[in-house]
Amino acid sequence: ESIFFNADIRYYKEIDADAAVKAAKLDEHFYFVGALQTSSGFYVSYARGKLPFDAIDDEVYAVGFNYKF
């Protein structure tokens with residue numbers, strides 16, 4: 001049994017954003033996902049941040065199983 005660590009970090013920045021967009025703090029976003037997964041398919045993951053069209057920052061914990069057909 002092997003255990004793998006996966007990470008994904010995303011940074012979004014709108015270039016030359018309008019003053020209203022900057023004032024609403026909608027011109028810059030950060031998102032991170034980290035996961036531990038076994039070779040048999042079991043995984044545990046954690047995500048934090050905000051994608052460009054999200055209303056608020058969020059934290060998500062997940063536990064699951066992947067099956068390859």
key: Working for side-chain contact (heavy atoms from CB on, under 4.5 Å), residues Y61 and V44   = CA-CA 8 Å; Y61 298 90; V44 176; over 6 Å; no

request  = Give the intermediate values and the outcome of side-chain contact (heavy atoms from CB on, under 4.5 Å) for residues E59 and Y46.
outcome  = CA-CA 7 Å; E59 282 187 308; Y46 169 76; 2.5 Å; yes

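Not counting sequence neighbours, the partners of V33 by the side-chain contact (heavy atoms from CB on, under 4.5 Å) test are D8, Y31, A47.
Atom-to-atom distance recorded for R10:CZ and K50:NZ is 16.0 Å, nearest 0.5 angstrom. A distance of 13.0 Å separates CD1 in I9 from CZ in R48, rounded to the nearest 0.5 Å. Rounding to the nearest 0.5 Å gives a distance of 11.0 Å between CG of L26 and CG of D54. Between the OH atom in Y12 and the CD atom in E28 there is a gap of 13.5 Å [rounded to 0.5 Å].
When all heavy atoms of D27 and K22 are compared, the closest pair comes out as OD2-CG, 3.5 Å. When all heavy atoms are compared, the tightest approach of S40 to E1 is OG-OE2, 3.0 Å. Nearest heavy atoms, I3 versus L36: CG2-CD2, 4.2 Å.
The local environment of NZ in K13 is crowded, with over 12 non-hydrogen atoms from other residues, nucleotides or ligands closer than 6.0 Å.
Using a 4.5 Å cut-off between side-chain heavy atoms of Ile, Leu, Val, Met, Phe, Trp and Tyr, with links allowed through other members, Y43 and V63 fall into different hydrophobic clusters.
Here the two rings, on F65 and F42, have centers that are 6.0 Å apart or farther.
Between the side chain of S2 and the backbone N or O of S39, no donor-acceptor pair lies under 3.5 Å. Of the possible donor and acceptor atoms, none in the side chain of Q37 sits under 3.5 Å from a partner among the backbone N and O of N6.
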